Amino acid sequence: MTEPDTSRLERLSGVLKRRGILLPAFEIHGGAKGLYDFGPVGGRLRNRVNQTWINHWLSLGNIVEISCPTVTPYAVLEASGHVGEFSDFMTICNSCEEASRADTLLESYHPNPDSLTKAELQSLLDQSQPPCPACQAVDWSEITAQNLMFNTTIGAGASGRPGFLRPETAQGMFTSFPALYRHNRERLPFGAIQVGKGYRNEISPRQGMIRLREFNMAELEYFINPHVEPSHDFSPWQDSKVSLIADREGEVEMSFKEAVESNIIRHATVGYFMAKTYDFLEKVGIDTQRIRFRQHESDEMAHYATDCWDAEIHGSYGWVECVGIAHRGCYDLESHEKATGKSLRARREFSEPQIIETDGWTILGAKAGPAFRALAGAVKTAVELLPAETSFPHQLTLPSGEVVTVEEEHVKRDQRTESVTGEWYIPHVVEPAFGIDRIIWHILDHAYDEEGKDGEEYTIMHLSTHVAPVDFCVFPLFEKDGMGELAQSIHAVLCSKPNVVSMYDSSGSIGRRYARADEIGVPKCVTVDHQSLEDQTVTVRDRDSGEQHRVHIDAL
RNA sequence: GCGGAUAUGGUGUAGUGGUAACAUAGGAGGUUUCCAACCUCUUGUCGCGGGUUCGACUCCCGCUAUCCGCACCA
């Protein structure tokens, strides 16, 4: 691990601000904590990263992209567990005004205070009277819930419903499950991706881009049938060993395939997405030597997850988790099903129909109903458990203890043969969730290079061509003899191409213009010189090698 | 949220109870046959609010933001 170089970090932040990549938001009004602007260069960079991410997953072939609202009704996030999960119960010391978490204070008075409700915490606090960790006083304010979600009201006045800004994009994918299932012709596995904003009202955002109150996230929810053994082709990653920090085995270096086969990664689909994540990070320019995967410990794992890995990237702030890849089981769909009563299931057909033969008795509603009144339901259940050879009248003892006599006229014979061809099950979900801002930070951190050129500082952003915000800079060697006009027309042609960004620059010396382009990571610079006027060729200069070669204008 | 430090052109820094300097960057022009060269001219600054004072960028208070610990979060 390299020692943190704070002066490098400061110079990098300076470049990002000066060149319009990353800036504190609303600065003319004094700024706002945890909120950042992507500037005229950064905005494009963010878009390129998002687009690269989308294309990366769409290439799997069974992935669709959706976009759901950020404003989310209370009930949705209550069902998902966020209303409870994202709350902390706080109490304030009336003596020194230090805020403490109620469950932390009560740790020595209860085996698991985290599980208590607000009222239970309050009465336990009143009983046990723990001292303030800061000033030792025992004088606590009433417990209040502090939720990390931004709340709002959807609609005005009396018709307004409570809601939140979403803390993650995932819930939109779960609530859209019926439409996704239909779109995918009711066949699993399939996935849905979404790129968008998430919001968390952090108590204390820190470290620039690492913890934000509004952040860019990109999530894939991949729905699988838990009855089918997953099979994935790990051969593309056969030769690359990755650093894994496993819960039980500790730090190991091995291929994804080995990790899955030795059950360090407990689910093959989780392993496959870890490998795809590794590819994505490499594609956008993250140094693969500075990637590692860390498995969540059992007690750290979110309550729904059965295996969870973080992709961590090393940069100026040390190791930072940038991607979480979690096997969420059926938790999310089941939660929304319970809350709404709507089916969020998929159908699977058995390989052979299951034949269910029924030979017994059931009640004759028209007679048994009036006879047993309120007990009729219990009688029906009991009668259906009787063997076929039972004779009536028959004495039945109901679970409630009551004894009834069932006459022959109350029952009828029930003989059926049913063929069950399949069943409805709740799909399981594997979720890779990407913190785009954290990834962009590390792209910039890894790309930022201060090389000494003749003793002077010289800055190059070695950005991947996938994400570089500007593709070409076009320069006239001098703005005279028609070189300016020719360069302008080349610039115009490049700009008119889809997904190509070109900048025209004619001020200062040619060297200065190359330097400006290098600072924001422009991969190729096109220069029009005297020869261009004669034979319609230009020089193309490569950012990283500095090499130039001459190309015809039409070949650009 | 607590404790400590900080806040001066776009960026990086000086400095003073009498409204500010240096470097760099930016613009216009000149010069130059390809990697921050040079010349001339030029643009632009004391985080916000209140107080003390004849006068505050400077001193005091509050706020906001940034950085570092702690706590929180994943």
Side-chain angles (χ1 to χ4, degrees), chain A residues 4 6-7 9-20 23-35 39 85-88 90-93 96-101 103-104 132-135 146 148 167-168 200-208 210-213 215 294 296-297 300-302 305 308 310 312 317 319-324 326 433 435 438 451 453-460 473 475-481 483 505-519 525-532 538-543 545-548 550:
Chain A
T6 51
S7 58
L9 182 56
E10 280 163 18
R11 288 192 301 275
L12 171 56
S13 302
V15 169
L16 297 179
K17 210 171 162 187
R18 182 156 41 82
R19 295 310 307 273
L23 313 96
F26 311 119
E27 210 184 7
I28 63 167
H29 285 277
K33 217 172 187 178
L35 301 175
E85 184 83 352
F86 270 64
S87 290
D88 285 338
M90 308 283 290
T91 177
I92 314 243
C93 173
C96 72
E97 302 202 331
E98 172 93 4
S100 294
R101 277 182 59 170
D103 56 343
T104 312
C132 173
C135 71
Q146 169 125 358
L148 294 175
E168 58 174 30
R200 290 180 195 187
N201 203 357
E202 298 282 357
I203 293 169
S204 177
R206 282 289 175 83
Q207 299 179 305
I210 303 303
R211 227 159 96 211
L212 299 172
R213 289 197 165 123
F215 47 93
R294 196 176 65 83
H296 283 209
E297 293 163 23
E300 175 191 32
M301 211 137 56
C308 190
D310 282 339
E312 299 184 331
Y317 297 108
W319 287 100
V320 173
E321 60 272 27
C322 295
V323 185
R438 291 181 174 189
E451 56 178 56
K453 228 179 196 183
D454 307 326
E456 284 192 36
E457 254 178 42
Y458 193 88
T459 302
I460 299 186
C473 275
F475 311 140
L477 191 53
F478 307 108
E479 211 166 26
K480 61 179 186 186
D481 304 333
M483 284 184 274
D505 192 354
S506 66
S507 53
S509 72
I510 190 75
R512 175 172 299 237
R513 286 175 261 164
Y514 284 138
R516 274 195 287 248
D518 287 341
E519 203 172 46
C525 290
V526 175
T527 301
V528 172
D529 59 12
H530 289 94
Q531 193 183 331
S532 309
V538 291
T539 63
V540 176
R541 176 260 201 186
D542 180 76
R543 177 194 65 205
S545 67
E547 282 169 16
Q548 286 179 303
R550 194 160 272 280

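Values below: every heavy atom of this structure, side chains too, minus hydrogens, waters and symmetry copies. Note that the coordinates shown come from a computational prediction; the quantities given were computed from them, not determined experimentally. Chain letters run A, B, ... following the sequence lines, proteins first, then strands; residues in each count from 1.
- Between A/Arg513 atom CZ and B/C34 atom C1' there is a gap of 9 Å when expressed in whole angstrom units.
- Of all non-hydrogen atoms in A/Phe26 and A/Leu35, the two that sit nearest each other are CE1-CD1, 4.1 Å.
- Closest-nucleotide positions on RNA chain B for A/Glu321 and A/Val528 were compared, and the one nearer the 5' end corresponds to A/Val528.
- For the side chain to side chain contact (heavy atoms under 4.5 Å, CB included) test, residues two or more places apart in sequence or in another chain that qualify with A/Ala515 are A/Tyr458.
- For the C1' atoms, the distance from B/U58 to B/U52 is 13 Å, rounded to whole Å.
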With the criterion being N/O to N/O and under 3.5 Å, what pairs connect the protein with nucleotides 64-66 of chain B, and how long is each?
from	atom 1	to	atom 2	distance (Å)
B/U64	O2'	A/Gly30	O	3.2
B/A65	OP1	A/Lys33	N	3.4
B/A65	O4'	A/Gly30	O	3.4

Taking only N/O atoms, report every protein-nucleotides 27-32 of chain B pair under 3.5 Å with atom names and distance.
from	atom 1	to	atom 2	distance (Å)
B/G27	OP1	A/Ser507	OG	3.3

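- Partners of A/Glu312 according to the salt bridge (charged side-chain N to carboxylate O under 4.0 Å, His left out) rule, which considers only residues two or more places apart in sequence or in another chain, are A/Arg292, A/Arg294.
- Between the CZ atom of A/Arg11 and the P atom of B/A25 there is a distance of 17 Å, rounded to whole Å.
- For B/G26, one of the phosphate oxygens OP1 or OP2 lies less than 4.0 angstrom from a side-chain nitrogen or oxygen of A/Arg512.
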Please tabulate, one pair per line, each protein N/O and nucleotide N/O from nucleotides 7-14 of chain B that are separated by under 3.5 Å, including the distance.
from	atom 1	to	atom 2	distance (Å)
B/U11	OP1	A/Lys17	NZ	3.2

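- At whole-Å resolution of the value, CD in A/Gln531 and P in B/C34 are 14 Å apart.
- Atom OG of A/Ser507 and atom CZ of A/Arg516 lie 4.0 Å apart (nearest 0.5 Å).
- Rounded to whole Å, the distance from CD1 on A/Ile28 to P on B/U45 is 15 Å.
- With P as the reference atom, B/C63 and B/U45 are 29 Å apart, rounded to whole Å.
- Only the P atoms considered, B/C57 is 13 Å distant from B/G51, to the nearest whole Å.
- Separation of the P atoms belonging to B/G49 and B/U40 is 39 Å when rounded to the nearest angstrom.
- With sequence neighbours left out, A/Asp542 forms a salt bridge (charged side-chain N to carboxylate O under 4.0 Å, His left out) with A/Lys524.
- Nucleotides B/A74 and B/G4 have their C1' atoms positioned 27 Å apart, rounded to a whole Å.
- In this structure a side-chain-to-backbone donor-acceptor pair under 3.5 Å is missing from A/Arg541 to A/Gly546.
- Here B/C67 presents its P atom at 11 Å from CD1 of A/Ile210, a figure rounded to the nearest Å.
- Contact of A/Arg211 with B/C72 (side chain to base): a donor-acceptor pair of N or O atoms is detected under 3.5 Å.
- If you take CD of A/Gln207 and P of B/C67, they are 8 Å apart, rounded to a whole angstrom.
- Every residue meeting the side-chain hydrogen bond (donor to acceptor under 3.5 Å, both in side chains) condition with A/Glu479, not counting sequence neighbours, appears here in chain and number order: A/Tyr504, A/Ser506.
- The nearest pair of heavy atoms linking A/Leu477 to A/Arg513 is O-NH2, 3.5 Å.
- Once rounded to the nearest 0.5 Å, the distance linking CG of A/Leu148 with CZ of A/Arg213 reads 10.5 Å.
- Evaluation of the salt bridge (charged side-chain N to carboxylate O under 4.0 Å, His left out) rule for A/Arg512 yields no partner, not counting sequence neighbours.
- Taking atom CZ of residue A/Arg294 and atom C1' of nucleotide B/A74, one finds them 9 Å apart after rounding to whole Å.
- In plain terms, the two heavy atoms of A/Pro167 and A/Phe215 that are nearest each other are O-CZ, 3.8 Å.
- The gap from the C1' atom of B/C54 to that of B/A36 amounts to 50 Å, rounded to the nearest Å.
- For A/Thr527, the side-chain hydrogen bond (donor to acceptor under 3.5 Å, both in side chains) partners at least two apart in sequence or on another chain are A/Tyr514.
- For B/C35, the base has a donor-acceptor partner in the side chain of A/Arg541 [N/O atoms by modelled type, under 3.5 angstrom].
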Which dot-bracket notation, 5' to 3', represents the base pairing of RNA chain B when pairs are defined as Watson-Crick or G-U with both distances under 3.5 Å, crossing pairs as [ ], and inter-strand pairs as |?
(((((((..((((....[..)))).(((((.......)))))....(((((..]....))))))))))))....

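- Computed from coordinates, the A/Glu547 CD to B/C35 P distance equals 15 Å when rounded to whole Å.
- With sequence neighbours excluded, the residues that form a salt bridge (charged side-chain N to carboxylate O under 4.0 Å, His left out) with A/Arg19 are A/Glu519.
- For the P atom pair drawn from B/A5 and B/U19, the interatomic distance equals 30 Å after rounding to whole Å.
- Remark: A/Gln531 pairs with A/Asp529, A/Asp535, A/Thr537, A/Arg550 by the side chain to side chain contact (heavy atoms under 4.5 Å, CB included) rule, at least two apart or across chains.
- Nearest heavy-atom pair across A/Tyr317 and A/Gly208 is OH-N, 4.1 Å.
- Atom name C1', nucleotides B/A20 and B/U13: the rounded distance is 14 Å, in whole Å.
- Contacts of A/Gln548 with the nucleic acid, taken as non-hydrogen atoms under 4.0 Å apart, include base atoms.
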